[in-house]
Protein chains: 2
Amino acid sequence: MKAVLGKRSQDIVEDQIDRGDYNPSSATFRLANSPFYLMAHADFKYHEDMDKVLHKHGVSKPIYRVMTVLRERQPASIGTIAEAALTKRSTISRIIDRMLEQGLVTAEPNAEDNRITEVTLTAAGEQRLRKLTPIVGRQFMRAMDGISNRDIAHLLRTLQKISANLSKLPIE
Amino acid sequence: MKAVLGKRSQDIVEDQIDRGDYNPSSATFRLANSPFYLMAHADFKYHEDMDKVLHKHGVSKPIYRVMTVLRERQPASIGTIAEAALTKRSTISRIIDRMLEQGLVTAEPNAEDNRITEVTLTAAGEQRLRKLTPIVGRQFMRAMDGISNRDIAHLLRTLQKISANLSKLPIE
DNA sequence: CTAAGTCATATGTAATTGCATATAATGCGG
DNA sequence: CCGCATTATATGCAATTACATATGACTTAG
């Protein structure tokens, strides 16, 4: 593609052609400048410290994630939880087993469709979650130190666009 | 902190106090507006499709991640790879075993310090990586569709700040 | 120069996850 | 109303991961 008058060719390359260094297929690509690597890195560090604290309260990372999903919509089916928690259904099925043993949730068949298992937080589950919330809140504040709410809003918009793009039909 | 003349109090609250809805301990918090959930979601979707394609080429997600680390610095020790690949050392040790079986890497003890295992991509490993690169590149372009390079640069800066914050001393 | 301490990796074992499949319930075409 | 396809979950089994610990190599105090 040729440069257009009034717009530097560099801009055209950067904005519309190949994403330059950002593209993992670029010769000058570096992980430290890769959006997806940095997302994974930030998410990893965020949970790394937190998991240790959560474990002291008998809650693993996947269990915590299921609890946060249930906080928003209850009751929820195994499939719904799996999708929201980014985990396979069979795995969620077993995580719910562990949560049942701990008395954190109940699991009842749906009255209208007996195939569906409806999972609900128990009072104990709700209480456990409330206990953990401030810990997670502090970690969040720590992560966002020195970042304006305007920048967080911008981050959200970009991440939402990326998620939406990737929910369209896949490659190949 | 007091309001400063010339700055609306709303800005002060939004920029400096409690992060409002973004904070996981807020009563109005929603996963769909949570930066860390969205990072995990975007990263998950990004790899979900890609892994299927990579598997056809005999490369799993962790193996691919190790290869991208090695592309940047070679040779690299088990510990170095583990840190960069966000995976435990013992796990990397076994992943390298599998890569050795596939002839993707060599592993030699460091001449000066015999404890260290130096891992290097073989010619076959380099070739495999080159073969996969355009596939990953297409997935990246798909993810970033409709997002300007300016926004990507902004995203990077914010993610780098978050990572830096989380690399400081942990909570509790 | 030696013994204790530290460091890097490897490995035994247990737990977790995912794939493939089984089971059971619902929906639908005829 | 029947049988076949589909859907939701559960489970046997294999692979992966992590924790705890072992092994071997370097480092350093004395």
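First the proteins, then the strands, lettered A, B, ... as listed; each starts at 1. Side chains included, hydrogens not; waters and symmetry mates left out as well; all remaining heavy atoms used. Keep in mind the model is a prediction, meaning the values are calculated, not measured.
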Could you state the CD-C1' distance from A/Glu101 to C/dA15, rounded to the nearest angstrom? 13 Å
Expressed in angstrom and rounded to an integer, what is the separation of A/Glu83 atom CD from D/dA8 atom C1'? 14 Å
Does B/Asp145 come within less than 4.0 Å of A/Lys161, counting only side-chain N to carboxylate O? no
Between A/Arg98 and B/Thr91, which residue's closest nucleotide on DNA chain C lies nearer the 5′ terminus? B/Thr91
Please report, rounded to the nearest Å, how far the P atom of C/dG18 is from the NZ atom of B/Lys52. 13 Å
Does the side chain of A/Ile162 reach to within under 4.5 Å of the side chain of A/Thr158, using non-hydrogen atoms? yes
When you measure only distances, ignoring hydrogens and angles, does the side chain of A/Arg94 come within 3.5 Å of the base of C/dG18 through a donor and an acceptor? yes
Calculate the interatomic distance between A/Asn110 atom CG and C/dA24 atom P; express it in whole Å. 19 Å
Here the distance between atom C1' of D/dA15 and atom CG of B/Asp97, to the nearest Å, is 14 Å
Are B/Val119 and B/Thr106 close enough that some pair of their side-chain heavy atoms sits under 4.5 Å apart? no
Nearest to the side chain of A/Arg115, heavy atoms from C-beta on, is which of C/dC19, D/dA10, C/dA25? C/dA25
Quick one: is A/Ser77 getting a side-chain N or O under 4.0 Å of the D/dT9 phosphate, OP1 or OP2? yes
Of the nucleotides D/dA10, C/dA10, C/dT17, which has the atom closest to the A/Ile95 side chain? C/dT17
Please determine whether residues B/Val59 and B/Ile92 belong to a single hydrophobic cluster, defined as Ile, Leu, Val, Met, Phe, Trp and Tyr linked transitively by side-chain heavy-atom distances below 4.5 Å. yes
I need the B/Met50 CE to B/Arg142 CZ distance, nearest 0.5 Å. 11.0 Å
Does A/Ser90 make a side-chain N or O approach to OP1 or OP2 of C/dG18 shorter than 4.0 Å? no
Classify the side chain of B/Arg89 and the base of C/dT9 as holding, or not holding, a donor-acceptor pair under 3.5 Å. no
With the side chain of B/Ile116 defined as its heavy atoms from C-beta on, choose the nearest nucleotide among C/dT9, C/dG18, D/dT9. C/dT9
Remember a base hit wins even if backbone is also touched, and classify A/Glu118 as base, sugar-phosphate or nothing at under 4.0 Å, heavy atoms. nothing
Nearest-Å distance for atom pair CD/P, residues B/Glu112 and C/dC7: 19 Å
In this structure, how many angstroms lie between the P atom of C/dT17 and the CD1 atom of A/Ile78, rounded? 14 Å
So B/Ser60, base contact, sugar-phosphate only, or nothing? Heavy-atom distance under 4.0 Å. nothing
Whole angstrom is fine here: how far is it from NE2 in A/His55 over to P in D/dA18? 12 Å
Between A/Pro62 and A/Asp113, which is nearer to the 5' end of DNA chain C once each is assigned its nearest nucleotide? A/Pro62
